[in-house]
Protein chains: 2
Amino acid sequence: MARPVEHEVLAAVLQIRDGVLQALTWQRARPPDEGRWAVPGGLLRDDEDVEQSVLRQLAEKVDVREVAHVEQIAVFSRPDRVPGARRIATAFLGLVPSDAVPAIPDDTAWHPITALLDGTVPTAFDHAEIVTAGHERLRAKLSYTNLGFALAPREFTISALRDLYTAALGHPVSATNLQRVLTRRSVLEPTGAVAPPGPSGGRPAALFRFAEITLRVTDAFAVLRPPGEAVRGAVP
Amino acid sequence: MARPVEHEVLAAVLQIRDGVLQALTWQRARPPDEGRWAVPGGLLRDDEDVEQSVLRQLAEKVDVREVAHVEQIAVFSRPDRVPGARRIATAFLGLVPSDAVPAIPDDTAWHPITALLDGTVPTAFDHAEIVTAGHERLRAKLSYTNLGFALAPREFTISALRDLYTAALGHPVSATNLQRVLTRRSVLEPTGAVAPPGPSGGRPAALFRFAEITLRVTDAFAVLRPPGEAVRGAVP
DNA sequence: CCAAAAGTGTTTTTTCTACACCCATGA
DNA sequence: TCATGGGTGTAGAAAAAACACTTTTGG
């Protein structure tokens with residue numbers, strides 16, 4: 001009971017940049033784990049809960065207004081997860097829309113999560129686990145919620161959205177089906193405007209936006225729906 | 001930074017008893033919140049992580065071997081969530097199969113979660129929130145994983161399983177569909193044996209068991225499945 | 001007129017739910 | 001043989017994926 005315990009919050013802040021899912025990290029300048037890359041975070045203060053704390057900590061690295069969604073992932077509590085005083089971490093997932101260009105400190109950089117996970121870019125402590133858990137959570141929720149809102153710009157074409165989903169899910173996504181699945185659920189709505197074609201021509205793409213920008217579960221019951229229930233959130 | 005922080009683990013331990021979803025609670029004998037009912041838990045020790053800790057704490061209330069599944073839910077960290085020294089809680093969901101009859105201490109009792117949530121049985125601190133969160137998690141995972149294994153006896157009839165799902169989900173479940181949905185996913189397998197009919201006759205029911213007794217996601221992609229992927233875990 | 005990109009229509013396949021019907025037992 | 005509960009067969013509906021085809025642009 002005597003050993004003091006610190007509590008920290010840590011966030012896997014993810015953004016799709018150049019078509020690749022990347023995480024925000026900063027390079028540790030001092031031991032332990034000097035030179036290795038850590039996800040942003042810091043110690044919990046007396047007057048804040050972990051949700052408030054993670055937003056405060058992120059504000060030191062990026063403009064928090066650019067973080068479209070934050071949610072708890074898990075507690076990391078191995079007694080020896082960091083050297084020195086015991087430190088328990090509450091890990092979060094944070095998502096930044098692909099069109100945001102946050103100003104970040106000098107010691108901070110975005111890295112593709114593949115590079116962080118395969119060791120190409122060395123990670124501090126158990127932060128690779130946190131990035132993995134964040135990615136898993138993102139993948140899962142993309143397929144049964146409207147979480148795409150947190151990855152996409154306010155307005156976008158279906159192809160652009162398809163590229164975001166492809167990068168986040170790690171497998172090809174059909175633009176045709178994506179459009180129909182998301183509009184059927186009223187997750188997406190057309191703005192009425194169109195985007196100009198690219199340099200090589202082509203039909204101008206219609207612009208869409210997410211109807212809501214807070215998390216909503218769209219497919220609550222994979223199976224075993226309540227009897228008589230309208231199927232898959234149909235609009236009456 | 002000066003204020004000391006304690007870390008506790010708390011568990012919403014749920015079991016379906018008499019066809020009703022109930023939670024394990026103990027009555028506080030001393031202030032604060034004297035007389036109110038709390039979920040089991042206790043302080044984290046220096047040499048254990050939160051997962052080890054919750055199992056140890058539960059061992060003091062029930063035979064841990066009877067807890068079929070335990071998983072993290074969330075961190076509760078409001079600075080004033082308990083009076084006195086600050087205490088941060090990692091909340092867990094624990095599930096006990098319906099046929100287990102754990103011996104429990106004198107101050108401990110099972111209560112229907114409805115009674116805990118509507119105030120019929122007064123709850124301590126923020127423990128009602130923890131019970132709610134556990135129930136939500138259970139409901140969600142029942143519909144896209146094999147989590148039923150943690151609620152059911154080793155062997156059971158489909159009607160018995162239907163009653164468990166009905167109690168946990170809170171809405172009617174068809175035995176016919178439950179059987180087909182779970183066997184199609186290879187979640188359930190017949191034991192070959194049959195149960196004797198009840199006192200009023202009827203055809204003897206076939207006995208089934210869960211094929212696995214560790215958590216497995218059976219419906220990963222509600223939509224946006226990877227292309228060419230076999231649909232819904234079909235068996236080749 | 002052709003290439004490129006976007007969007008729509010249609011078919012195929014799957015499977016879930018609902019419901020009717022058949023089966024095995026005790027009294 | 002009848003009531004009771006269990007199990008199976010089948011029909012109907014829904015919707016996702018795949019793919020062919022049409023639309024709209026730039027050169």
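Scope of the values below: all heavy atoms of this structure, side chains included, with no hydrogens, waters or symmetry mates.
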Colleague: Under the side-chain hydrogen bond (donor to acceptor under 3.5 Å, both in side chains) rule, what pairs show up with a residue in residues 150-161 of chain B, not counting sequence neighbours?
Modeller: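 Passing the test, one end in residues 150-161 of chain B: no pairs.
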Colleague: For the pair made of CZ in A/Arg184 and C1' in C/dT8, what is the distance, rounded to whole Å?
Modeller: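 Rounding to the nearest Å, CZ of A/Arg184 and C1' of C/dT8 are 14 Å apart.
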Colleague: From the set D/dT8, D/dA16, C/dC16, return the single nucleotide nearest to any side-chain atom of B/Gln179.
Modeller: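 Ranking D/dT8, D/dA16, C/dC16 by closest atom to the B/Gln179 side chain puts D/dT8 first.
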Colleague: If only side-chain N and O atoms of B/Arg185 are considered, is one of them under 4.0 Å from the OP1 or OP2 phosphate oxygen of C/dC16?
Modeller: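 Yes, B/Arg185 has a side-chain N/O under 4.0 Å of OP1/OP2 on C/dC16.
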Colleague: Need one value for B/Ala206: base, sugar-phosphate or nothing, where a base atom within 4.0 Å counts as base even if backbone is also close, heavy atoms only.
Modeller: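 Sugar-phosphate contact only.
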Colleague: Counting only heavy atoms from other residues, nucleotides and ligands, does the tally under 6.0 Å from CD1 of A/Ile213 exceed 12?
Modeller: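 At most 12 heavy atoms, drawn from other residues, nucleotides or ligands, come within 6.0 Å of this atom.
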Colleague: Does A/Ser159 make a side-chain N or O approach to OP1 or OP2 of C/dA6 shorter than 4.0 Å?
Modeller: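 Checking C/dA6 against A/Ser159, a side-chain N or O does come within under 4.0 Å of OP1 or OP2.
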Colleague: Take atom CG of A/Leu188 and atom C1' of C/dG7, then tell me their distance rounded to the nearest Å.
Modeller: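 To the nearest whole Å, that distance equals 14 Å.
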Colleague: With sequence neighbours excluded, give me every salt bridge (Lys or Arg N to Asp or Glu O under 4.0 Å) pair touching residues 201-210 of chain B.
Modeller: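 Matches after skipping sequence neighbours: B/Glu189-B/Arg209.
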Colleague: Expressed as a whole number of angstroms, how long is the span from A/Asp219:CG to D/dA14:P?
Modeller: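 Nearest whole value for this atom pair: 17 Å.
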Colleague: At under 4.0 Å between heavy atoms, which parts of nucleotides 19-27 of chain D does protein reach? Answer with one letter per nucleotide, 5' to 3': B base, S sugar-phosphate only, - none.
Modeller: B---BBBSS
Colleague: Strictly by side-chain hydrogen bond (donor to acceptor under 3.5 Å, both in side chains), give each pair with a member in residues 9-19 of chain B just once, sequence neighbours left out.
Modeller: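 As it turns out, the side-chain hydrogen bond (donor to acceptor under 3.5 Å, both in side chains) pairs with a partner in residues 9-19 of chain B, which skip direct neighbours, are B/Gln15-B/Arg17.
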Colleague: Can you list everything that forms a salt bridge (Lys or Arg N to Asp or Glu O under 4.0 Å) with A/Glu66? Sequence neighbours excluded, please.
Modeller: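 Once residues adjacent in sequence are excluded, A/Glu66 has no partner under the salt bridge (Lys or Arg N to Asp or Glu O under 4.0 Å) criterion.
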Colleague: Could you tell me which residues satisfy side-chain contact (heavy atoms from CB on, under 4.5 Å) with A/Ala175, sequence neighbours excluded, listed by chain and number?
Modeller: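 Partners of A/Ala175 under the side-chain contact (heavy atoms from CB on, under 4.5 Å) test: A/Ile158, A/Arg162.
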Colleague: Between A/Tyr144 (OH) and D/dA15 (P), how many Å, whole number?
Modeller: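 Taking OH of A/Tyr144 and P of D/dA15, I get 21 Å after rounding.
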Colleague: Measure NE2/A/His171 against C1'/D/dA17 and give the value in whole Å, please.
Modeller: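 Interatomic distance, NE2 of A/His171 to C1' of D/dA17: 13 Å.
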Colleague: Please give, in whole Å, the distance from C/dG7 P to A/Leu178 CG?
Modeller: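 The distance from CG of A/Leu178 to P of C/dG7 comes to 12 Å, rounded to the nearest Å.
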